[in-house]
Amino acid sequence: MARDVVIAGAGLAGWAAAVAALEEGARVTLLEKTARAGGSTVLSGGFLALAGTAMQRALGIEDRPELLEVDLLAVGEGENDRALVHAYAAGQADMLDWLEQRGLQLLDVELSSGQSVARSHRCVPADLVSALRARAEALGVEFHVDAPVEELVVRDRTVIGVRANGREHHGAVILATGGFSRSEELLAELAPSQVHALRLGGEGSTGDGLRMAMGIGAGARDFAFVRGTFGTPPTDDPTEHKLLLAYYLGAIIVNADGRRFVDESVSYKLIGDACLQQPGHRAFQIFDHALLQAAPRDVPLFDPRPLLEEGLLRSAPSLEDLAEAIDVDRAALLDTVTSYNRVVAQGGDALGRRNLVASAGALVPIQQGPFYAYPSTTAVLATYCGLTVDVDARVLDGSGAPIPGLWAAGEITGGFHGAAYMTGSSLGKAAYFGRAAGRGAARNSSEERA
Ligand SMILES: Cc1cc2nc3c(=O)[nH]c(=O)nc-3n(C[C@H](O)[C@H](O)[C@H](O)COP(=O)(O)OP(=O)(O)OC[C@H]3O[C@@H](n4cnc5c(N)ncnc54)[C@H](O)[C@@H]3O)c2cc1C
């Protein structure tokens, strides 16, 4: 007989865990701190890093789990927990089948930084959460919003439940409370290099689960690797981000002095760090009308048109007028764009740019008016670090032993990404390890039973 399972957090990891546990026959209680389900998941771009899919095959993209694994380790600079990466790479195809049978719809696939081939598969994340929620409700989940888990209930060194709103809920516990991108306190303590970055991510991303688990001796890792993402306007509203990655389509990035300062093809995390070193911790993505026309329509992060309509993207008929509109020295901006166009024609960029993104895509000149400038800075969207877990999503203590009764999945966990993050790997990890946690927590095992 399956055990009762209590899950904290109703993002992708929490819902995947709930469905998996219910399908094992468990009684499941899902507790969400905020007034609605979704967390950072529903704010995300919806990209899932998957390899060897039918969609890739149909487009003639050759990819394999082994290549995904190699790329994840390369992006993570070998600082990853190899067992987690291997489990994900080997199991993501099965996870995709599982999600598709429960309503996931993939829309398209594109190349992102850190990928040898195009493997960022896009979905509408709110639709994925809704589909999993519908399945969980059909299977009888007990779901509460405005129910912040405040404490783990521990007896004889075993986690036997949680306390929320003054009431105890007993069962095997899965922490799926997300990261801490919205906690000033934890960011100042654990990621001081990001002190000038904006804080995005779901409003509930305040590190609650992390603190609770560490409070009972859970291990944690990778805090040194927290990085912001470049491309969000300095005035961004955390609940409705306006992240634009036009630089991966060919835009250049200039600082307030009108000068480039970074190879725009590298990871947006590295660009994020470089931006924080610039005057005012801000910069501009500069591009021309040809890029705007070529940009994919209605693809979040890549379509500048809605930002133009909202007045966030500045435009002007000439580069001189654009410089004036954004208060940047005209001569400097003209010189930067002229020099860059020479690089596009002849190569030899002093900052090292050869491609649009990573090692793919030919550079494009900036020459056809009107011209555009997107004021941008660095924002911490997610914290890719946290609790130490094994491949079954069991939380490990400081000595590497599983803490009886406790599982964790999603952004709350560390180890998977290592030094940096591949686009799509955070939603992928939330779904894969959420499902693993749900199954593991539900399965009856006499040694682990409270
Ligand atoms: C703008 C943006 C774009 C992104 N784009 C991508 C992308 O395209 N691909 C990708 O892979 N990743 C992306 N990410 C990162 C990704 O969205 C997250 O890492 C992932 O969704 C985390 O899922 P999760 O289920 O672990 O956490 P969340 O989805 O954040 O869910 C955690 C839930 O737990 C709740 N909670 C917190 N504390 C408690 C508590 N004490 N008790 C009960 N509930 C609690 C929260 O309110 C929240 O609802 C993006 C993030 C942002 C912000």
Side-chain angles (χ1 to χ4, degrees), residues 6-18 29-50 110 112 120-126 128-129 132 143-152 162-165 169 173-183 198-213 228-229 231-232 236-245 268 299-302 379-387 408-413 416-417 421-434 437:
V6 184
I7 302 168
L12 178 55
W15 284 111
T29 305
L30 177 49
L31 303 167
E32 165 56 42
K33 161 169 143 170
T34 66
R36 62 192 180 112
S40 289
T41 301
V42 295
L43 300 177
S44 79
F47 292 105
L48 289 150
L50 305 166
E110 59 189 63
S112 307
S120 288
H121 294 69
R122 189 168 60 91
C123 69
V124 177
L128 174 56
V129 166
L132 291 174
F143 178 46
H144 299 278
V145 292
D146 295 318
V149 169
E150 290 139 11
E151 205 183 331
L152 295 170
V162 302
R163 190 168 293 110
N165 288 337
H169 299 264
V173 172
I174 301 174
L175 293 173
T177 50
F180 56 90
S181 62
R182 297 287 292 277
S183 165
L198 294 184
R199 287 91 168 80
L200 298 188
E203 59 168 315
S205 300
T206 49
D208 301 8
L210 188 65
R211 289 184 225 237
M212 284 184 260
T229 296
T232 202
D236 215 355
D237 166 0
T239 57
E240 208 197 333
H241 72 85
K242 309 287 180 194
L243 182 63
L244 179 69
L245 309 182
Y268 40 55
V299 176
L301 316 187
F302 289 102
V380 180
L381 306 179
T383 47
Y384 305 100
C385 58
L387 300 177
E411 201 181 309
I412 187 178
T413 62
F416 181 70
H417 303 289
Y421 147 92
M422 176 197 289
T423 298
S425 60
S426 201
L427 289 178
K429 141 180 140 169
Y432 179 83
F433 291 102

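Numbering of ligands and ligand atoms starts at 1, following listing order. Hydrogens, waters and symmetry mates play no part in the numbers below; they use all other heavy atoms, side chains included. The chain is numbered in sequence order, starting from 1.
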If you measure from [atom1] on [X] to [atom2] on [Y], what distance do you get to the nearest 0.5 Å?
| X | Y | atom1 | atom2 | result |
| --- | --- | --- | --- | --- |
| Leu245 | Thr229 | CG | OG1 | 8.0 Å |
| His169 | Leu30 | NE2 | CG | 11.0 Å |
| Leu387 | Leu210 | CG | CG | 5.0 Å |
| Asp208 | Ile412 | CG | CD1 | 9.0 Å |

[X] side chain near [Y] side chain, heavy-atom distance below 4.5 Å:
| X | Y | result |
| --- | --- | --- |
| Leu31 | Thr29 | yes |
| Val6 | Ile174 | no |
| Glu110 | Phe47 | yes |

Practice problem: Nearest heavy atom to atom 32 (C) of ligand 1 wins, so pick from Ser425, Ala176, Gly204. | Solution: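 Checking each option, the heavy atom nearest atom 32 (C) of ligand 1 is found in Ala176.
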Numbered atoms of ligand 1 (with element) below 4.0 Å of [X], judged on heavy atoms:
| X | result |
| --- | --- |
| Gly410 | 26 (O) |
| Leu43 | 1 (C), 2 (C) |
| Pro148 | 42 (N) |
| Thr34 | 47 (O) |
| Gly201 | 53 (C) |
| Gly424 | 9 (N), 10 (C), 11 (O) |
| Leu381 | 1 (C), 2 (C), 52 (C), 53 (C) |
| Gly38 | 29 (O) |

Can you report which non-hydrogen protein atom sits closest to [atom], along with the distance?
| atom | result |
| --- | --- |
| atom 27 (O) of ligand 1 | Gly178 CA, 3.5 Å |
| atom 47 (O) of ligand 1 | Glu32 OE2, 2.7 Å |
| atom 18 (C) of ligand 1 | Glu411 OE1, 3.1 Å |
| atom 29 (O) of ligand 1 | Thr41 OG1, 2.5 Å |
| atom 34 (O) of ligand 1 | Gly9 CA, 3.1 Å |
| atom 31 (O) of ligand 1 | Gly11 CA, 3.3 Å |
| atom 10 (C) of ligand 1 | Tyr421 OH, 3.0 Å |
| atom 3 (C) of ligand 1 | Ser44 CA, 3.3 Å |

Exercise. Please state which part of Asp208 comes within less than 4.0 Å of ligand 1, counting heavy atoms only: side chain, backbone, both or neither.
Key: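 The part of Asp208 near ligand 1 is the side chain, not the backbone.
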Quiz item: Asp146 and Asn165: which non-hydrogen atoms are nearest, and at how many Å?
Solution: O-ND2, 3.1 Å
Quiz prompt | Audit row: Trp15, Phe143, side chain to side chain contact (heavy atoms under 4.5 Å, CB included) steps and yes/no | solution = CA-CA 10 Å; Trp15 284 111; Phe143 178 46; 3.8 Å; yes
[X] to ligand 1: N or O pair under 3.5 Å?
| X | answer |
| --- | --- |
| Phe47 | yes |
| Tyr384 | no |
| Lys33 | yes |
| Gly45 | yes |
| Ala13 | yes |
| Ala8 | no |
| Val149 | yes |
| Ala382 | no |

Quiz item: Hey, mind stepping through Thr206 and Ser183 against side-chain hydrogen bond (donor to acceptor under 3.5 Å, both in side chains) and telling me if it holds?
Solution: CA-CA 5 Å; Thr206 49; Ser183 165; over 6 Å; no
Quiz item: Looking only at side chains, do Glu32 and Thr34 share a donor and an acceptor under 3.5 Å apart?
Solution: yes
Practice problem: Kindly determine whether Val173 and Leu152 satisfy side chain to side chain contact (heavy atoms under 4.5 Å, CB included), including the steps that lead there. | Solution: CA-CA 8 Å; Val173 172; Leu152 295 170; 4.0 Å; yes
Practice problem: Measure the distances from the heavy atoms of Leu200 to every atom of ligand 1 and state whether one is below 4.0 angstrom. | Solution: no
Exercise. Run the numbers on Thr423 and Tyr268 for side-chain hydrogen bond (donor to acceptor under 3.5 Å, both in side chains), then give the verdict.
Key: CA-CA 10 Å; Thr423 298; Tyr268 40 55; 2.6 Å; yes
